[in-house]
Amino acid sequence: MKISAILAAKRAKNPREPIFSFEFFPPKTPKGEESLFQTVKDLRSLHPDFISVTYGAGGSTRSKTLEWVETIKRDHGIETMAHLTCVGASRYEIAGVLDELVETGIENVLALRGDPPRGSTSFVKPADGFGHAGELVEFIRRRQDPVSIGVAGYPEKHPEAPDLETDMARLREKAEKGADFVITQLFFENASYFDFVRRLKAHPDWNCDVIPGIMPITSKEQIGKFILMCGAKIPDALRTAVETASSDEEVVEIGIAWAIRQVKELLVGGAPGIHFYTLNKSPATRRILEGVTPLPHRPHANP
Ligand code: FAD
């Protein structure tokens, strides 16, 4: 089922019912694969609306993305979404990936530009390829593939963008070109998300759901990584709590408690659902979802 249809069906049935999704990456080793199979089994009982699988920049895991979205959908009966990037691929190669996705019945694609491959500092548009995610969205729509298209959004601005206003204008272009919904980069301050959605909705033609992406902090080292990777703002209270924690277990508890508070507030504030960056592990995501159930009262429909 298309994610656009899942969102519409939930809205029609009960506007207060959020959607939940989990993100995995294709493991590189047989042990990692075994562990991901277990994670999928563990999280299945939480009835995610869909599972998404990332697309590696290097090339080696690309066919694995297709394998995993097909396997999860076929063997577990859970709807899936394949991430797809423009990195190092001509439009001919991208067309081949889309053909395979459509042939195997995958109905959802997260259209991304992708990060530069390891060792490169900036994204280089491939020969006969695409320079921005918007071009990929346009390409998929021109092909008339029967898929729902998601795109990435950055409540705290994409690191390469000169400012948030310009970045949001680019996001609106992706929507105009045919994206159905947005999944955000991780963030720890909900005010960023609410402000982002409010500014997008100020444009009368904006009609995409913006699903917040959430990832709990589970180690002290992650703080530095998140800042480096995506420029995430770490609120002082969270940073101090993590940095002064006396054990790894305490850090995990702090991270989960923070995420539960974030998810509750986001849903009460009207977010259409939550996309969990799981890092292929189940315990933290399970604890967060169990921590927000029963779901808080949502006074309004989706933003
Ligand atoms: P774009 O939308 O193309 O934006 C990239 C930059 O270019 C931004 O600064 C934007 O403001 C600017 N821009 C956009 N359009 C134009 C234009 N027409 N002219 C000028 N400037 C423009 N990476 C992976 O490699 N694999 C994954 O599976 C993956 N999954 C992700 C999932 C989510 C939910 C998110 C939020 C990110 C994911 N990423 C993934 C990371 C993503 O690829 C990077 O953040 C990348 O740097 C930007 O991708 P984008 O699709 O947002 O690019």
Side-chain angles (χ1 to χ4, degrees), residues 3 19 21-28 50-66 68-69 80-89 94 97 101 108-126 129-140 149-187 192-193 196 200 208-215 225-226 228-232 271 273-280:
I3 292 167
I19 74 163
S21 52
F22 304 143
E23 179 173 310
F24 300 131
F25 60 85
K28 293 197 174 118
F50 68 92
I51 280 177
S52 84
V53 181
T54 66
Y55 198 73
S60 59
T61 62
R62 288 181 181 180
S63 58
K64 293 280 178 198
T65 303
L66 271 68
W68 277 97
V69 287
T80 54
M81 172 169 74
H83 296 205
L84 177 61
T85 77
C86 309
V87 177
I94 288 181
V97 177
L101 286 169
N108 303 290
V109 173
L110 189 67
L112 301 148
R113 185 200 70 179
D115 279 324
R118 200 164 291 196
S120 318
T121 48
S122 58
F123 178 86
V124 179
K125 179 177 174 169
F130 305 117
H132 293 289
E135 295 169 31
L136 177 57
V137 174
E138 201 168 27
F139 181 70
I140 301 172
I149 304 177
V151 289
Y154 303 84
E156 294 176 341
K157 181 183 95 59
H158 182 264
E160 291 166 34
D163 53 68
L164 186 57
E165 197 55 46
T166 310
D167 203 26
M168 287 198 308
R170 300 303 187 194
L171 177 59
R172 293 204 312 277
E173 281 169 21
K174 294 196 271 192
E176 280 158 21
K177 286 178 170 155
D180 295 311
F181 61 95
V182 177
I183 299 184
T184 77
Q185 182 58 281
L186 58 89
F187 57 90
S192 319
Y193 170 85
F196 186 63
L200 288 168
C208 284
D209 281 303
V210 182
I211 305 171
I214 292 293
M215 181 153 135
K225 272 195 204 152
F226 287 152
L228 203 66
M229 191 180 80
C230 57
I274 305 287
H275 182 71
F276 288 98
Y277 294 104
T278 69
L279 294 181
N280 290 6

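Both counts, for ligands and for their atoms, begin at 1 and track the order of listing.
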Which of the ligand 1 atoms, numbered from 1, are nearer than 4.0 Å to a heavy atom of H83: 27 (C), 28 (O), 29 (C), 30 (N), 31 (C), 32 (C)
Closest protein heavy atom to atom 53 (O) of ligand 1, given as residue, atom name and distance to 0.1 Å: R113 CB, 3.2 Å
Proximal atoms of ligand 1 relative to A152 (non-hydrogen, under 4.0 Å): 35 (C), 36 (C), 52 (O)
N/O donor-acceptor pair under 3.5 Å between K174 side chain and G178 backbone: no
Per-atom contacts of ligand 1 with E173, taking only distances under 4.0 Å to non-hydrogen atoms: 18 (N)
Numbered atoms and elements of ligand 1 in range of A161, under 4.0 angstrom, heavy atoms: 9 (O), 11 (O)
Ring pair (Phe, Tyr, Trp, His ring centres under 6.0 Å) partners for Y154, two or more places apart: H158
Closest approach of any protein heavy atom to atom 41 (C) of ligand 1, naming residue and atom: D115 OD2, 3.9 Å
Which residue and heavy atom of the protein sit nearest atom 2 (O) of ligand 1, plus the separation: K174 NZ, 2.7 Å
K125/E135 salt bridge by N-O under 4.0 Å criterion: yes
Ligand 1 atoms in contact with Q185 (distance to a heavy atom under 4.0 Å): 36 (C)
Numbering as shown, the atoms of ligand 1 that approach T85 to under 4.0 Å (heavy-atom distance): 24 (C), 25 (O), 26 (N)
Identity of the nearest option to atom 1 (P) of ligand 1, non-hydrogen atoms only, from A133, G134, C230: A133
Protein heavy atom under 4.0 Å of atom 7 (O) of ligand 1: yes
Enumerated ligand 1 atoms positioned under 4.0 Å from heavy atoms of H158: 5 (C), 6 (C), 8 (C), 9 (O), 45 (O), 46 (C), 47 (O), 48 (C)
side-chain contact (heavy atoms from CB on, under 4.5 Å) involving S192 - partner list, sequence neighbours excluded: P155, E156, E189
R113 to F130, cation-pi by 6.0 Å centre distance and 45° axis angle: no
Nearest-option assignment for atom 17 (C) of ligand 1, heavy atoms, candidates M81, H132, K177, R62: H132
Nearest neighbour in protein (non-hydrogen) for atom 43 (O) of ligand 1: G114 CA, 2.9 Å
Distance-only side-chain donor-acceptor flag, H83 / S52, under 3.5 Å: yes
Selection from Y277, F123, Y55 by shortest heavy-atom distance to atom 24 (C) of ligand 1: Y55
Nearest protein heavy atom with distance in Å, relative to atom 11 (O) of ligand 1: D167 OD1, 2.6 Å
Residue, atom name and distance, where the atom is the protein heavy atom closest to atom 39 (N) of ligand 1: L112 CD2, 4.2 Å
Option set F130, Y154, F25, criterion heavy-atom distance to atom 49 (O) of ligand 1, minimum: Y154
